[in-house]
Amino acid sequence: MNLGINIDHVATLRQARKGENPDPVWAAVICELAGCDSIVCHLREDRRHIQDRDVYLLKQVIKTRLNLEMALSDEIIKIALDVKPYQVTLVPEKREELTTEGGLDIIRNFDRVKESAEKFHKAGIIVSLFIEPDEKQILSSKKTGAEFIEIHTGRYAETRTEKDAAAELEKISKATAYALSIGMRVNAGHGLDYKNTAPICKIKGIEELNIGYSIIGRSVLIGLENAVKEMLNIIEMEVIL
Ligand code: PXP
């Protein structure tokens, strides 16, 4: 199973001061050097984390695949068609949400999704739809012409009992099997962390997991010791980095 790393929250930290650091493009390169299979970022309409400049630079710099998450917004579609990432993942987006809440309703947005998928295909961009593990949504996704679904694992990640987790895993597993049976390819993601990812890996047929928050959050903790030592070095030795 492949790992795509979402680097949005490196940009969240940078935007806290609207400065230059930490640069999500540098972070993407480190993720690639560590062995990830793709880089994921979400260019939101409110530009709260990833900026246009990041997307253009990521396309030029990274050596794996760029998976651009985006809402069905004319402005962002135009940018995506200009950048030409390897893949776009269409997600729902509400301004007031903290992160993507729930999957995109393909049945309700069918015409718009299909029309956008056609535009992306003409530009040679692969299309993935971020949806709930639901057969009707999967069938509708297939009819849009999209190659991939990304199953929203957020509800599974939020479960607090083994019984609830098992029930959500079963839904994800059945949704994966159904999608494969009608010729779709399957990714999954959202809310996956160091404790809840292993059971998802047992589901046959999921190609890629897209994980962001837990990895970027952990990197702050496991990288902090070195960062402090570097500063102590400067203070004690008057070293200039
Ligand atoms: N996949 C999609 C479609 C997402 O919108 C997100 C969050 O931006 C993720 C995966 C990664 O979720 P998390 O940051 O919770 O790992």
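Ligands are counted one by one from 1 in listed order, and the atoms in each one are counted from 1 as well. In this chain, numbering begins with 1 at the start of the sequence shown.
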Report task. Look at atom 2 (C) of ligand 1 and find which of Glu69, His190, Glu93 reaches it with the closest heavy atom. Result -> Glu69
Report summary line: A student checking ligand 1 against Ile211 at a 4.0 Å heavy-atom cut-off should list atoms 16 (O)
Query raised in the report: Which atoms of ligand 1 sit under 4.0 Å from any heavy atom of Val91?
Result: 3 (C)
**Report entry** Enclosure of Arg108 CZ (heavy-atom neighbours >12, cutoff 6.0 Å)
**Finding:** no
Query raised in the report: What are the atoms of ligand 1, with element, lying closer than 4.0 Å to any heavy atom of Tyr213?
Result: 13 (P), 14 (O), 16 (O)
**Report entry** Qualifying residue for side-chain contact (heavy atoms from CB on, under 4.5 Å) with Glu69, from Asn6, Ile50, Ile76, Leu90
**Finding:** Asn6
Requested in this report: Could you state whether Ile200 and Tyr178 fall into the same hydrophobic cluster, counting links through intermediate Ile, Leu, Val, Met, Phe, Trp or Tyr residues with side-chain heavy atoms under 4.5 angstrom apart?
Outcome: yes
Requested in this report: Heavy-atom contacts with Gly191 under 4.0 Å: which atoms of ligand 1 show up? List them by number with element.
Outcome: 12 (O), 13 (P), 15 (O), 16 (O)
Requested in this report: May I ask you to list the atoms of ligand 1 that are less than 4.0 angstrom from any heavy atom of Asn210?
Outcome: 10 (C), 11 (C)
Query raised in the report: Which bit of Phe130 is near ligand 1, meaning a heavy atom under 4.0 Å away: side chain, backbone, both or neither?
Result: side chain
Report task. Report whether Ile77 and Leu43 are members of the same hydrophobic cluster (ILVMFWY, side-chain heavy atoms less than 4.5 Å apart, transitive linking). Result -> yes
Query raised in the report: With sequence neighbours excluded, what pairs up with Arg185 under the side-chain contact (heavy atoms from CB on, under 4.5 Å) test?
Result: Phe148, Glu207
**Report entry** Heavy atom of Ser214, distance to ligand 1 below 4.0 Å
**Finding:** no
Query raised in the report: Under 6.0 Å from the CZ atom of Arg53, do we count more than 12 heavy atoms belonging to anything else shown?
Result: yes
Query raised in the report: Hey, looking at atom 1 (N) of ligand 1, which of His49, His152, Glu150 has the closest heavy atom?
Result: Glu150
Query - Whether His42 lies under 4.0 Å from ligand 1, heavy atom - result: no
For a quick test of your reading: what N or O donor-acceptor pairs under 3.5 Å do the side chains of residues 213-224 make, sequence neighbours left out?
{"from": "Ser214", "atom 1": "OG", "to": "Leu192", "atom 2": "O", "distance (Å)": "2.9"}
{"from": "Ser219", "atom 1": "OG", "to": "Ile216", "atom 2": "O", "distance (Å)": "2.6"}

